[in-house]
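In what follows, a single structure is set out as structure tokens and then discussed.
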Amino acid sequence: MNLRVLGCSGSIALDNRTTCFQLDERILVDAGTGVGDLTLDEMAGIDHILLSHSHLDHVLGIPLLADSVMQHRLSRPDFRPIQVHGLPETLEALRAHLFNNIIWPDFTRLPSRERPIIELVPFQIGERLELAGLTIEVLPAHHTVPACGFGVDTPSGWWIYTGDTGPNPALWERLRGRAIAQLVIETAFSDEERALAEISRHLSPSMLAEELEQLDLDCDTSIAITHVKPGEMAAVTGQLAELDIRVPVFALTRGERYRF
Ligand SMILES: [Zn+2]
Ligand SMILES: [Zn+2]
């Protein structure tokens, strides 16, 4: 599987894009501002968007992407809607607050009810999806709104993305004994803001260390942090270096590509 990091920041600033990962050609995991780094042709090739939760930094690219590619996709003889996959509560939030004809037109009914550009497809925690040649498992997360993470089965082991989450023992339970090629785990705040991280159900470096203690890590697993707030990167990486974590942890960078 080819992974392209289009966005891995907790918010925006010059050169910072919010969460968006491209898996091979046709799948996006979350659709933050990183979507804007795709060319129009690359956007038109996206058939599936998997959402970890409803927060704006993860969904705001969907309505704009739909607008950008609608005519292009409709002109194809093999037209199919873009499937947006999420928990039922996440999809309901998109309907109520994004595709509500106030914030944005309802692209789940455009250009017509019979042939819309966006199709909302619910999944449940624990479900395994077969999409565009990949097997993707929906993993538990613990955030301020219903949320999930994802695991993708690759020839090198599992690629795991935690989504936005606070402490998440259910995830470590589910991953026990699995070969993990890369764990992408959020670390939104520095330790100075640990109290804020706890209230908003995110992680800080010391919380990350406590989480990793619960996982049998093999030294082949690459651990990458994501969703660091712009302006906090130096504090977060400095604090990570001070902690006694058994495996190297590094911060993902926008534009990176990996093959698993
Ligand atoms: Zn969130
Ligand atoms: Zn977020």
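In what follows, every heavy atom counts, from backbone to side chain, and hydrogens, waters and symmetry copies are set aside.
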Checking Asn100 side chain against Ala96 main chain: does a donor-acceptor pair fall under 3.5 Å? yes
Nearest 0.5 angstrom please: Leu50 CG to Thr90 OG1, how far? 11.5 Å
Tell me whether the count of non-hydrogen atoms from other residues, nucleotides or ligands lying under 6.0 Å of CZ in Arg176 goes above 12. yes
Report the relative orientation of the aromatic rings in His48 and His85; use parallel for angles under 30°, tilted for 30 to 60°, perpendicular for over 60°. tilted
Nearest heavy-atom pair of Cys20 and Ala31: which atoms, and what distance? SG-CA, 4.2 Å
Salt-bridge contact Asp153-Arg128 (side-chain N to carboxylate O under 4.0 Å): no
Please assess Leu183 against Leu212 for the test side-chain contact (heavy atoms from CB on, under 4.5 Å), listing each intermediate value before the final yes or no. CA-CA 10 Å; Leu183 170 66; Leu212 295 180; 3.8 Å; yes
Taking Val5 as the starting point, is it possible to reach Tyr161 by hopping between hydrophobic residues whose side chains are less than 4.5 Å apart? yes
Is it true that Leu98 and Leu60 fall in one hydrophobic cluster, defined by side-chain heavy atoms closer than 4.5 Å? no
Does Leu134 belong to the same Ile/Leu/Val/Met/Phe/Trp/Tyr cluster as Leu175, with side-chain heavy atoms less than 4.5 Å apart forming each link? no
Student check: side-chain heavy atoms of His202 and Glu193 closer than 4.5 Å: no
Locate the shortest heavy-atom distance separating Phe99 from Phe107; write the atom from each residue and the value. CD2-N, 3.6 Å
In Å, rounded to the nearest 0.5 Å, how long is the span from OG of Ser206 to CD of Glu211? 10.5 Å
Around atom CD of Glu25, are there more than 12 heavy atoms of other residues, nucleotides or ligands at under 6.0 Å? no
With a 3.5 Å distance limit and no angle check, can you tell me whether Asp24 reaches the backbone of Arg26 through a side-chain donor-acceptor pair? no
To the nearest 0.5 angstrom, please state how far the CD1 atom of Ile225 sits from the CD1 atom of Ile185. 9.5 Å
Quick check: closest heavy atoms across Gly126 and Arg174, and the distance to 0.1 Å? CA-NH1, 3.3 Å
Shortest non-hydrogen contact between Pro116 and Thr108, atoms and distance: CB-O, 3.1 Å
As a quick check of understanding, evaluate side-chain contact (heavy atoms from CB on, under 4.5 Å) for Asp15 and Arg254, giving each step before the final call. CA-CA 8 Å; Asp15 293 331; Arg254 176 177 75 89; 3.5 Å; yes
Are Leu38 and Leu28 packed together at the side-chain level, in the sense that at least one heavy-atom pair is separated by less than 4.5 angstrom? yes
Ile46 vs Val35, test: side-chain contact (heavy atoms from CB on, under 4.5 Å). Steps then yes/no. CA-CA 10 Å; Ile46 298 299; Val35 168; over 6 Å; no
Nearest heavy-atom neighbours spanning Lys229 and Gly10: NZ-O, 3.5 Å
Are Glu186 and Thr162 close enough, and set up right, to give a side-chain hydrogen bond (donor to acceptor under 3.5 Å, both in side chains), and what steps lead you there? CA-CA 7 Å; Glu186 78 121 282; Thr162 63; over 6 Å; no
The residue among Leu203, Val228, Asp191 that forms side-chain contact (heavy atoms from CB on, under 4.5 Å) with Val236 is Val228
Derivation of the side-chain contact (heavy atoms from CB on, under 4.5 Å) call for Glu192 and Gln239: CA-CA 10 Å; Glu192 284 77 19; Gln239 287 161 5; 2.8 Å; yes
Are there over 12 heavy-atom neighbours, none belonging to Asp244, within less than 6.0 Å of that residue's CG? no
Is there a donor-acceptor contact under 3.5 Å from the side chain of Thr253 to the main chain of Glu256? no
Between Arg80 and Glu119, is there a side-chain heavy-atom distance shorter than 4.5 Å? no
Backbone N/O of Pro63 and side chain of Trp104: donor-acceptor pair under 3.5 Å: yes
Path from Phe21 to Leu129 over hydrophobic side-chain contacts below 4.5 Å: yes
Is the number of heavy atoms from other residues, nucleotides or ligands within 6.0 Å of CD1 (Ile12) greater than 12? no
Can you tell me how far OG of Ser54 sits from CD of Glu89, rounded to the nearest 0.5 angstrom? 9.0 Å
Is there a side-chain contact between Pro167 and Glu210, using heavy atoms and a 4.5 Å cut-off? no
Answer with yes or no whether the hydrophobic clustering places Leu131 together with Leu51; edges join I, L, V, M, F, W, Y residues whose side-chain heavy atoms lie under 4.5 Å apart. no
Apply ring pair (Phe, Tyr, Trp, His ring centres under 6.0 Å) to the pair Phe150 and Phe123, showing each step before the final yes or no. CA-CA 12 Å; Phe150 298 102; Phe123 58 53; 5.7 Å; yes
From the list His58, His55, His227, ring-ring contact (aromatic ring centres under 6.0 Å, His included) with His143 holds only for His55
So how far is it from Thr154 OG1 to Leu3 CG, rounded to the nearest 0.5 Å? 10.5 Å
Any donor-acceptor pair under 3.5 Å from Asp57 side chain to Gly32 backbone: no
Check whether the side chains of Asp30 and Thr19 place a donor and an acceptor atom closer than 3.5 Å, and report yes or no. no
Which pair of heavy atoms, one from Ser52 and one from Gly163, lies closest together, and at what distance? CB-CA, 4.2 Å
Could you grab the distance from atom CG of Leu65 to atom CD1 of Ile82, nearest 0.5 Å is fine? 5.0 Å
Check whether any side-chain heavy atom of Arg73 sits under 4.5 Å from a side-chain heavy atom of Asp47, and report yes or no. yes
Please lay out, stage by stage, how Asp37 and Arg4 fare under the test salt bridge (charged side-chain N to carboxylate O under 4.0 Å, His left out). CA-CA 11 Å; Asp37 280 4; Arg4 181 175 172 193; over 6 Å; no
Flag the pair Ile223 / Ile245 as yes when at least one side-chain heavy-atom distance between them is below 4.5 Å, and no otherwise. no
With the side chain counted from C-beta on, respond yes when Thr187 and Val249 share a heavy-atom pair under 4.5 Å apart, and no when they do not. no
With the side chain counted from C-beta on, respond yes when Pro146 and His53 share a heavy-atom pair under 4.5 Å apart, and no when they do not. no
Mark yes or no for whether Asn2, through its side chain, and Arg257, through its backbone, hold a donor-acceptor pair below 3.5 Å. no
